Each structure stands twice: as structure tokens, then as C-alpha cells.
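Scroll down for the structure; my scribbles are underneath it.
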Amino acid sequence: MSSIGDFWNNYKGAIIGVIVAILILITKLYNLIVGIILIIIGAILGNYIQKNKEYVKDKIKGFIDRI
């Protein structure tokens, strides 16, 4: 019985992670998760561009000039 307890104590994080991943795949919840991640990345990018307008403008101008 102690070997099962030791196994659970050593790998319970991985076991719970696998169960959560299987539930996400079964319910197709990953589409929602990807959407939320894209929204967050867009918000962070927009905020960065708004706060660093001149720097971003110069970088884009330099990139276009190289092309």
C-alpha cells in the first residue's frame, strides 16, 4: 500500500495535469483558451505600441526601408 502512496505523492501533479488536459481536449475548451490567449497578447501589444509610439514607428520605418 505504501508504494501506491509513494507513487501518488511523487506524481500527483502530473496525474492531475493529464486529467485536466484530457478534459480540455474532450470538451474542446482549447478553442476558448487559445482565443483568450490571443486577446491577452493583442491587448499587451496594443498597450506597448501606445506607450512607445515613436520607438515603434522608427522600428517599422527601418524595417520597411530594408525591404
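Being a predicted model, the structure only gives us computed values, none of them experimental.
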Discussion item. Set out, in order, the CA-CA distance, both residues' side-chain angles and the distance that settles side-chain contact (heavy atoms from CB on, under 4.5 Å) for Leu29 and Leu32, then state yes or no.
Written reply: CA-CA 5 Å; Leu29 196 59; Leu32 177 64; 3.8 Å; yes
Discussion item. Nearest 0.5 angstrom please: Lys12 NZ to Asn10 CG, how far?
Written reply: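 Taking NZ in Lys12 and CG in Asn10, the distance rounds to 9.5 Å.
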Worksheet item: Roughly how far apart are Asn9 CG and Ile4 CD1, rounded to 0.5 Å?
Response: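 Spacing of CG (Asn9) from CD1 (Ile4) equals 12.0 Å.
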Discussion item. Clusters formed by hydrophobic residues whose side-chain heavy atoms approach within less than 4.5 Å: which one holds Ile26, and what are its other members?
Written reply: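 Besides Ile26, the cluster holds Val18, Ile22.
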Please list, one pair per line, the donor and acceptor atoms closer than 3.5 Å that link side chains of residues 54-67 to other protein atoms, with sequence neighbours excluded.
none

Tabulate below the donor-acceptor pairs under 3.5 Å that side-chain atoms of residues 36-48 make, not counting sequence neighbours, or state none.
none

Worksheet entry | Ile16 side chain reached by Tyr11 side chain, heavy atoms, under 4.5 Å |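 The answer is no, as the side chains (C-beta and beyond) never meet within the 4.5 Å cut-off.
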